[in-house]
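See structure below.
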Amino acid sequence: MRAIVLNGVGGTDVLELADVADPEPGPEEILVDVVATALNRADLIQRRGFYPDPDRQRLLAALERTPGVAPPPEILGMEFAGRVAALGRRATAWQVGDEVMGIVAGGAYAERLCVHERQAIAVPAGVAVADAAAIPEVFITAFDALVLQGGLGSGGWALVHAGASGVGTAAIQIAGAVGARVAVTTSTGKVDACRSLGADLVVDYKVDDFVAAVATAVPGGVDVVLDVIGGDYLDRNLDVIRVGATIVQVGVMGGGRTEVTLGKFLPKRAHLVGTVLRGRPLEEKIAVSQRFAAAMGPRFADGTLRPVIDQRFALEQVAAAHERMEANENVGKLVLDIQP
């Protein structure tokens, strides 16, 4: 099969289109013909050698105890949409030909992949399988952060940073789907895109101070903050939350180290939650995927939610896709089309 493998670490020149062996499904896995995948910022970090696939790391550790066995190639990609091609001998949840999507730790920049049958979820009715590749990672991340960990519900307020990112565009829609209101930060050229998705307050961080803007719009403070920026945003987030609110940190694009005024935490009785999907145990990934499918799957079918696709690329154009994300030019997801 064709796949994008990492030939070293560094810039986009290490992304190599290669022919590699087809994966073989384990007893409870399904083999999926991947129609499309989508980029995530973690792919760029992994390409530069800083965020390895945890499943592959465990495999490499096991292979060290088995001399003479060559390690598999390192294939990027954390989400997929496609059709079931084969079943493991104990897999019963799907049939060949079913359209599925899901999150994986790696391996989705390829024509085929294997995933546990319970980790895959159905492509929602009314969504083309090629478009569904833009759903799993960002929508599950946003749902988990806002609803499951942040407790956002009807009548609440969320603050979402990087509102035009993949996670941001998903979070805006999920907040609306649960009856909450949402404020977002974004750059000048992406303000209208965030408003069109339903954001109640859009703050152009290049022009305005989000602390002042949110404090004016939500005097009592927001219930949940979804933050992919980090850095000095953490201390400023404390200024706009209500008592008992939760800040969910899902990224550190603005820096992983910062100074925080700890005294702000005490009167706010604030909760700070750090979270990722990729490194979680299998059963946790299954649980969050299934909860998302049950709660949000029907909202795609009725049109409340939709994947936001900025641009599509062929698999061999992966370098251009990475460059567009690195330049922060995209609104929503960048999709790699792999096969019909």
Side-chain angles (χ1 to χ4, degrees), residues 37-46 51 53-54 76-81 101-106 108 115 119-121 124 132-152 158-178 180 182 184-186 194 197 199 224-230 233 237 246-254 271-282 284-297 299-300 305-310 325 330-335:
T37 184
L39 271 64
N40 291 280
R41 191 140 315 251
D43 301 342
L44 279 57
I45 301 171
Q46 182 178 348
Y51 191 20
D53 173 350
L76 293 175
M78 296 167 52
E79 61 190 325
F80 71 91
M101 63 184 189
I103 55 173
V104 287
V115 64
Q119 194 168 320
I121 55 180
I135 294 175
E137 182 69 29
V138 293
F139 274 92
I140 294 175
T141 294
F143 173 73
D144 179 58
L146 290 177
V147 179
L148 300 185
Q149 299 200 60
L152 185 66
L159 169 61
V160 175
H161 293 299
S165 67
V167 171
T169 56
I172 292 170
Q173 296 180 71
I174 287 174
V178 300
V182 59
V184 304
T185 62
T186 192
C194 292
L197 288 169
V224 188
V225 179
L226 192 164
D227 188 2
V228 301
I229 304 297
Y233 272 37
N237 289 335
T246 300
I247 300 170
V248 186
Q249 199 73 46
V250 298
V252 288
M253 291 171 56
H271 304 267
L272 175 61
V273 178
T275 186
V276 294
L277 283 178
R278 192 182 198 187
R280 295 187 193 183
L282 174 63
E284 290 187 20
K285 290 181 180 178
I286 290 170
V288 71
S289 297
Q290 294 299 331
R291 290 188 69 177
F292 166 77
M296 295 289 129
R299 309 313 300 271
F300 287 96
L305 303 178
R306 64 177 178 86
V308 178
I309 298 173
D310 176 85
M325 177 169 278
N330 57 297
V331 173
K333 298 289 285 183
L334 299 169
V335 172

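Checking side-chain atoms of Glu137 against main-chain N and O of Glu79 turns up no donor-acceptor pair under 3.5 Å. Looking at Asp227, its side chain does come within 3.5 Å of a backbone N or O of Gly230 through a donor-acceptor pair. Proximity of a side-chain donor or acceptor of Gln119 to a complementary backbone N or O of Ile103 within less than 3.5 Å is detected.
The two atoms that bring Ile229 and Ala162 nearest to each other are CD1-CB, 4.3 Å, heavy atoms only. Between Asp310 and Val331, the shortest heavy-atom distance links the atoms OD1-N, 2.9 Å. Nearest heavy atoms, Arg299 versus Ala177: NH1-O, 3.1 Å. Summarising the geometry of Ala293 relative to Ile121, their closest heavy-atom pair is CB-CG2, 3.9 Å, with the distance given to 0.1 Å. Pairing each heavy atom of Met78 with each of Ala105, the nearest pair is CG-O, 4.1 Å. Closest approach of Ala142 to Ile174, counting heavy atoms only: CB-CD1, 3.9 Å.
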Report task. Show your working on side chain to side chain contact (heavy atoms under 4.5 Å, CB included) between His161 and Val225 and close with a plain yes or no. Result -> CA-CA 8 Å; His161 293 299; Val225 179; 4.1 Å; yes

Query raised in the report: Should Arg291 and Val147 be marked as a side chain to side chain contact (heavy atoms under 4.5 Å, CB included) after you check the CA-CA gap, both sets of side-chain angles, and the distance that decides it?
Result: CA-CA 11 Å; Arg291 290 188 69 177; Val147 179; over 6 Å; no

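For the pair Arg278 and Tyr51, the cation-pi criterion (under 6.0 Å, within 45° of the ring axis) is fulfilled.
Separating the OG1 atom in Thr37 from the NZ atom in Lys333 is a distance of 8.0 Å, to the nearest 0.5 Å. In this structure, CG in Leu159 is found 9.0 Å from CD1 in Ile247, a value given to the nearest 0.5 Å. With rounding to the nearest 0.5 Å, the separation of OG1 in Thr246 from CG in Leu226 is 11.5 Å. To the nearest 0.5 angstrom, Met325 atom CE is 5.0 Å from Asn330 atom CG.
Under the side-chain contact (heavy atoms from CB on, under 4.5 Å) test applied with Thr141, the options Thr275, Val288, Leu277 reduce to a single match, Leu277.
In this structure, Val178 and Met296 have side chains that are in contact, with non-hydrogen atoms separated by less than 4.5 Å.
Side-chain contact annotation: Gln46 with Asp53, donor-acceptor N/O pair under 3.5 Å absent.
Sorted by first and then second residue, the salt bridge (Lys or Arg N to Asp or Glu O under 4.0 Å) pairs involving residues 140-152 (not counting sequence neighbours) are Asp144-Arg280.
Within a 6.0 Å sphere centred on CZ of Arg41, heavy atoms belonging to other residues, nucleotides or ligands number more than 12.
By the 30° and 60° cut-offs, the orientation of the rings of Phe139 relative to Phe292 is tilted.
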